[in-house]
Amino acid sequence: EAQVTQNPRYLITVTGKKLTVTCSQNMNHEYMSWYRQDPGLGLRQIYYSMNVEVTDKGDVPEGYKVSRKEKRNFPLILESPSPNQTSLYFCASQPSRDRATEAFFGQGTRLTVV
Amino acid sequence: GQNIDQPTEMTATEGAIVQINCTYQTSGFNGLFWYQQHAGEAPTFLSYNVLDGLEEKGRFSSFLSRSKGYSYLLLKELQMKDSASYLCAVPFQKLVFGTGTRLLVSP
């Protein structure tokens with residue numbers, strides 16, 4: 001089954017404790033991205049990757065890192081989480097660099113930083 | 001830059017028809033997407049319009065007017081399960097999403 005898989009689904013952590021949210025897709029998509037979703041603000045892009053070893057900042061990259069060592073995986077790293085990073089996070093993949101293609105989303109990760 | 005506007009919330013009754021509007025301003029147009037998102041879940045693709053006019057897909061239809069920078073999603077024969085947020089999105093250098101319209105369907 002074609003899918004984007006994120007883990008974990010739910011995470012509560014403390015300020016400053018490094019964490020990684022994993023994202024994997026099995027559709028051989030080139031383009032992957034991370035979004036955060038907050039009430040009243042909608043989906044905002046954090047980082048994106050057009051292909052292996054090619055990543056770039058989205059609209060709200062501060063406090064986050066990503067890597068793209070393999071085509072299928074695109075982990076999101078919070079080196080020192082802070083409470084303002086409490087949010088619902090989505091990983092998404094698209095078939096090509098052409099953004100006019102359907103985005104497939106992971107199930108979401110609800111992160112709470114206390 | 002990109003700017004997308006949608007109403008924040010709408011209510012409708014089961015069996016009715018509802019139209020959710022989206023206006024956008026973009027420096028280069030490359031189509032418009034509609035996604036459905038149930039609370040706490042991932043957005044799922046509903047439609048993609050790149051040419052003017054109405055595209056019908058079962059109970060859902062999507063309309064686009066490029067000259068007016070306007071689109072709408074039409075939901076017919078509303079069901080309780082249609083209660084969700086509906087996001088319009090415009091691809092530019094990235095997919096830019098509106099803040100979504102939360103639709104509440106009551107019995």
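Lettering of chains follows the sequences in order, A, B, ..., and the numbering in each one begins at 1. Values reported hereafter were calculated over all heavy atoms of this structure, with side chains retained and with hydrogens, waters and symmetry mates removed. As the structure is a computational prediction, the values presented were derived from the model and not from experiment.
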**OP:** Residue by residue, scan residues 104-114 of chain A and write down, ordered by number, those that have a heavy-atom distance under 4.5 Å to chain B; if none do, write 'none'.
**Re:**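 Heavy-atom contacts from residues 104-114 of chain A to chain B are A:F105, A:G106, A:Q107, A:R110.
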Do [X] and [Y] belong to the same hydrophobic cluster, where Ile, Leu, Val, Met, Phe, Trp and Tyr are linked whenever their side-chain heavy atoms lie under 4.5 Å apart, directly or via other members?
X	Y	answer
B:I20	B:L64	yes
A:F74	A:V4	no
B:V50	B:Y35	yes
A:V14	A:I77	no

Subject >> Hydrophobic cluster partners of B:I17 (side-chain heavy atoms under 4.5 Å) >> reply: B:L54, B:F63, B:Y70, B:Y72, B:L74
Subject >> Under 4.5 Å side-chain linkage, directly or through intermediates, the cluster mates of A:Y10 >> reply: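 Reading the cluster by chain and number, A:Y10 sits alone, since nothing else belongs.
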Original post:
In terms of heavy-atom contacts, does CZ of B:R66 have more than 12 from other residues, nucleotides or ligands at under 6.0 Å?
Top reply: yes
Subject >> Residues, nucleotides or ligands: over 12 heavy atoms within 6.0 Å of B:E77 CD >> reply: no
Over all heavy atoms of both residues, which pair between [X] and [Y] is shortest? Give the atoms and the distance, please.
X	Y	value
A:L88	B:G40	CD2-CA, 4.5 Å
B:F45	A:E102	CB-OE2, 3.2 Å
A:F90	B:A42	CE2-CA, 3.4 Å

Original post:
Which region of A:L43, side chain (C-beta onward) or backbone (N, CA, C, O), has a non-hydrogen atom less than 4.5 Å from a non-hydrogen atom of chain B, or is it both or neither?
Top reply: both
**OP:** Could you tell me which portion of A:Q6 (side chain, backbone, both or neither) has an atom closer than 4.5 angstrom to a non-hydrogen atom of chain B?
**Re:** neither
Original post:
Say you draw a straight line from CZ of A:R44 to OG1 of B:T99; how long is it, rounded to the nearest 0.5 Å?
Top reply: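 Answer rounded to 0.5 Å: 11.5 Å.
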**OP:** Apply ring-ring contact (aromatic ring centres under 6.0 Å, His included) to B:Y48 and list each qualifying residue two or more places apart in sequence or on a separate chain.
**Re:**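 Applying ring-ring contact (aromatic ring centres under 6.0 Å, His included) to B:Y48 gives B:F33.
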Subject >> Heavy-atom contact with chain A under 4.5 Å, split by part of B:L87 >> reply: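 Only the side chain of B:L87 comes within 4.5 Å of chain A.
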